[in-house]
Amino acid sequence: MITIILVLLFLLKLYVYRGMYQASLSLWFTRSYFAVSALVFFIGVAVFYRLFTQGGAPSFWSNFFSALMFTFTIVELLMSAVFFLDDVLIFFNWIGEKFTRKETVELVTERRRFIKMAGLGLAAIPFASFLYGITKGKYAYKIHKVKLAAKDLPKAFHGFKIVQFSDFHSGSFDSLESVKRGVDLMQEQNADLILFTGDIVNSDAKEILPYNHLLKNLSAPFGKYAVLGNHDYAIHGRGRADQAIVQQSVIDVSKNHQDAGFEMLHNRNVTLSKDGEQIKLVGVENWGTGFIQRGDIHKAYEGVNDGEFNILMSHDPTHWDAQIKDFPKKVHLTLSGHTHGTQMGVEIGDFKWSPSKYIYKQWAGLYTEGEQNLYVNRGFGFLGFAGRVGILPEITVIELEQA
């Protein structure tokens, strides 16, 4: 199957080369583009093969070439769609010439050149965006500030500041310095509480070790807490891992969290007290539609009184619609991640769009229904595609207010 896909991708390059040639572009430019595109393709395939057969941490260049291969594929799919439209028009023109000879060869040639050039111009914009995303965008951390008002919030917690980050995916990083800059940016927010909502690794608990000292330097007056995401169970890249492997991964990942000063909330809650008043912080293991479901919300909420202000950490936002919204006890604020916003899209002011919206009902930002709120973090790291195009890595700062 993989061989078939690779052959189709290479045939796509030949089709694009043909289209560029028909656009009467410089033969030097056309051949140079094809040579570069083909070289990136073969290097990208070699990189993927090495990583999947030998493992190990990615380097800047392995990430760069794999992401560049993906970039060329996306751009060439876009170009080929326009080129295909031109070929369809040419076909119907050929059919028409069987009945009439009104359209000259010169007009057909000019139209073909115009359409091909339009396809190239259209592809130039995403190509530039993707090139930025795989070189700078993946570490261009963005702070999203949110103010959340709730009538059940105790007065003592008015102005309480929370930093949330999610989807660290340490196994994908290729720059310790860039990661440090992001972690330092979190610390600079002077939060009262720091929360991590899952996926500290890709598939192996050891992936976090080169970065754990950075997380250890994070501090907040009310502590640091974490929950597990679907990737923390060692089931990705290993097929259906048996329960012994899953359980060992939970132990190892949890220990690494604890070594960094994070307290794990495995289907349980803790009380945060301030000036004689309190709120509850609740955490569940991963529960997601189509993913591992070890989260037990009933167990996690034992001892939490109905109406008592509480914050739930649950990695996958699909949990919100499936169980959280209709849970007998009001869940004031749910913090999730998981989607990454597919690491590509458009965000301009209040407008946001990403392919993620066709997969997840709630995929980025704040969602409110009645007195219940869900915030979906766009992710701190990256996975698969080593880049961020339009949807930048996120550090969330939530300030609680008494309504």
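It should be emphasised that the depicted structure is a prediction, and the values quoted were computed from it without experimental measurement. Hydrogens, waters and symmetry mates play no part in the numbers below; they use all other heavy atoms, side chains included.
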Within the 4.5 Å heavy-atom criterion, are Thr3 and Leu6 side-chain neighbours or not?
no
Charged N to carboxylate O under 4.0 angstrom, Arg378 versus Glu347?
yes
Measuring centre to centre across the rings, with the benzene-like ring taken for any Trp, is Phe10 within less than 6.0 Å of Phe42?
yes
CZ (Phe382) and NZ (Lys138) are apart, to the nearest 0.5 Å, by 4.5 Å
Which residues pass the side chain to side chain contact (heavy atoms under 4.5 Å, CB included) test with Pro58, not counting sequence neighbours?
Ser62, Asn63
Rounded at 0.5 Å granularity, tell me how far CG in Leu214 sits from NZ in Lys180.
7.0 Å
Got a donor-acceptor contact below 3.5 angstrom from the Gln343 side chain to the Leu383 backbone?
yes
Ignoring hydrogens, what is the shortest heavy-atom contact between Val376 and Gly337? Give both atom names and the distance.
CG1-O, 3.6 Å
Taking atom CD1 of Ile2 as the centre, report whether more than 12 heavy atoms of other residues, nucleotides or ligands fall under 6.0 Å from it.
no
Any donor-acceptor pair under 3.5 Å linking the side chain of Asp167 with the backbone of Gly379?
no
Taking Leu77's backbone N and O only, do any of them form a donor-acceptor pair with Ser80's side chain (distance below 3.5 Å, no angle check)?
yes
Does Tyr33 have any ring pair (Phe, Tyr, Trp, His ring centres under 6.0 Å) partners at least two apart in sequence or in another chain, and if so, which?
Phe72
Cut-off 3.5 Å, side chains only: do His231 and Asn202 have a donor facing an acceptor?
no
Short side-chain to backbone donor-acceptor contact, Lys280 and Glu308, under 3.5 Å
no
Can you classify the ring geometry of Phe196 versus Phe165 as parallel (below 30°), tilted (30 to 60°) or perpendicular (above 60°)?
tilted
Point-to-point distance, once rounded to the nearest 0.5 Å, from CG of Leu400 to NE2 of His158:
10.0 Å
Residue pair Val253 / Asp232: nearest heavy atoms and the distance that separates them
CG2-O, 3.7 Å
For atom CZ of Arg31, decide whether the heavy atoms of other residues, nucleotides or ligands shown that lie under 6.0 angstrom number more than 12.
no
Donor-acceptor pairs under 3.5 angstrom involving side-chain atoms of residues 122-135: please list them, not counting sequence neighbours.
| unit_1 | atom_1 | unit_2 | atom_2 | d |
| --- | --- | --- | --- | --- |
| Ser129 | OG | Ile125 | O | 3.1 |
| Thr135 | OG1 | Leu131 | O | 2.8 |
| Thr135 | OG1 | Tyr132 | O | 3.2 |

List the steps and the verdict of side chain to side chain contact (heavy atoms under 4.5 Å, CB included) for Leu335 and Ile398.
CA-CA 10 Å; Leu335 299 178; Ile398 300 173; 3.6 Å; yes
Is a donor from one side chain sitting under 3.5 angstrom from an acceptor on the other, for Tyr360 and Asp316?
no
Given the side-chain rings of Tyr211 and Phe173, with only the six-membered ring counted for Trp, is the space between their centroids under 6.0 Å?
yes
Looking at residues at least two apart in the chain, or sitting in another chain, which of them share a side-chain hydrogen bond (donor to acceptor under 3.5 Å, both in side chains) with Glu263?
Arg268
Can you check whether Ala300's main-chain N or O pairs, donor with acceptor, with Asn269's side chain at less than 3.5 Å?
yes
Indicate yes or no for a side-chain donor-acceptor contact from Thr396 to the backbone of Asn377 under 3.5 Å, with no hydrogens or angles considered.
no
Between the side chain of Ser170 and the main-chain N/O of Ile200, is any donor-acceptor distance below 3.5 Å?
yes
Contact check, side chains of Phe222 and Ile279, non-hydrogen atoms, under 4.5 Å:
no
Sorted by chain and residue number, the ring pair (Phe, Tyr, Trp, His ring centres under 6.0 Å) partners of His319 (sequence neighbours excluded) come out as Trp287
The ring pair (Phe, Tyr, Trp, His ring centres under 6.0 Å) partners of Phe327 (sequence neighbours excluded) come to His298, Tyr301
Taking the six-membered ring of Trp363 as reference, does the NZ or CZ atom of Lys352 fall below 6.0 Å from its centre and within a 45° cone about the axis?
yes
Heavy-atom nearest pair, Ala191 first then Ala220, reads O-CB, 3.6 Å
Tell me whether the count of non-hydrogen atoms from other residues, nucleotides or ligands lying under 6.0 Å of NZ in Lys274 goes above 12.
yes
Parallel, tilted or perpendicular, as decided by the 30° and 60° cut-offs, for the rings of Phe64 and Phe60
parallel
Partners of His266 by side-chain hydrogen bond (donor to acceptor under 3.5 Å, both in side chains), sequence neighbours excluded?
Ser254
Main chain of His332, side chain of Gln372: is a donor-acceptor contact present, judged purely on distance under 3.5 Å?
no
Rounded to the nearest 0.5 Å, how far does CD of Gln189 lie from CD1 of Ile162?
13.5 Å
Regarding Asn373 and Thr368, do their side chains bring together a donor and an acceptor under 3.5 Å, going by distance alone?
yes
List in chain and number order the residues that pass salt bridge (Lys or Arg N to Asp or Glu O under 4.0 Å) with Glu369, two or more places apart in sequence or in another chain; answer none if no residue qualifies.
Lys325
State, with a plain yes or no, whether a side-chain heavy atom of Pro210 is found less than 4.5 Å away from one of Leu176.
no
Stepwise salt bridge (Lys or Arg N to Asp or Glu O under 4.0 Å) check, Glu76 with Lys13:
CA-CA 7 Å; Glu76 288 166 358; Lys13 295 184 182 300; 3.0 Å; yes
If you define the side chain from C-beta out and look only at heavy atoms, does anything of Asn256 sit under 4.5 Å from Glu207?
no
Has Glu277 got a side-chain atom pairing as donor or acceptor with Ala156's backbone, closer than 3.5 angstrom?
yes
Please check this pair: side chain of Thr73 against backbone of Met69, looking for a donor-acceptor N/O pair closer than 3.5 Å.
yes
So CG of Asn230 and CD1 of Ile292: to nearest 0.5 Å the spacing works out to 8.5 Å
Do you know which two heavy atoms are closest between Leu193 and Gly223, and how far apart they sit?
CD1-O, 3.5 Å
Polar contact flag, side-chain donor to acceptor under 3.5 angstrom, Ser354-Thr342
yes
Residue of the set His315, Gln164, His338 for which side-chain hydrogen bond (donor to acceptor under 3.5 Å, both in side chains) holds with Thr197
Gln164
For Lys155, give me all partners under side-chain hydrogen bond (donor to acceptor under 3.5 Å, both in side chains), at least two apart in sequence or on another chain.
none
Contacts of His257 that satisfy side-chain hydrogen bond (donor to acceptor under 3.5 Å, both in side chains) - sequence neighbours left out
none
Just verifying a value: how many Å separate His340 NE2 and Phe380 CZ, rounded to the nearest 0.5 Å?
12.5 Å
With sequence neighbours left out, the residues meeting salt bridge (Lys or Arg N to Asp or Glu O under 4.0 Å) with Asp192 are none
Show the nearest heavy-atom pair for residues Asp306 and Pro328, with the distance to one decimal.
OD1-O, 4.0 Å
Considering non-hydrogen atoms only, spot the tightest contact between Leu265 and Leu281 and give its length.
CD1-CG, 3.9 Å
Residue pairs involving residues 215-224 (criterion side chain to side chain donor-acceptor pair (under 3.5 Å); sequence neighbours excluded)
Gln187-Ser219
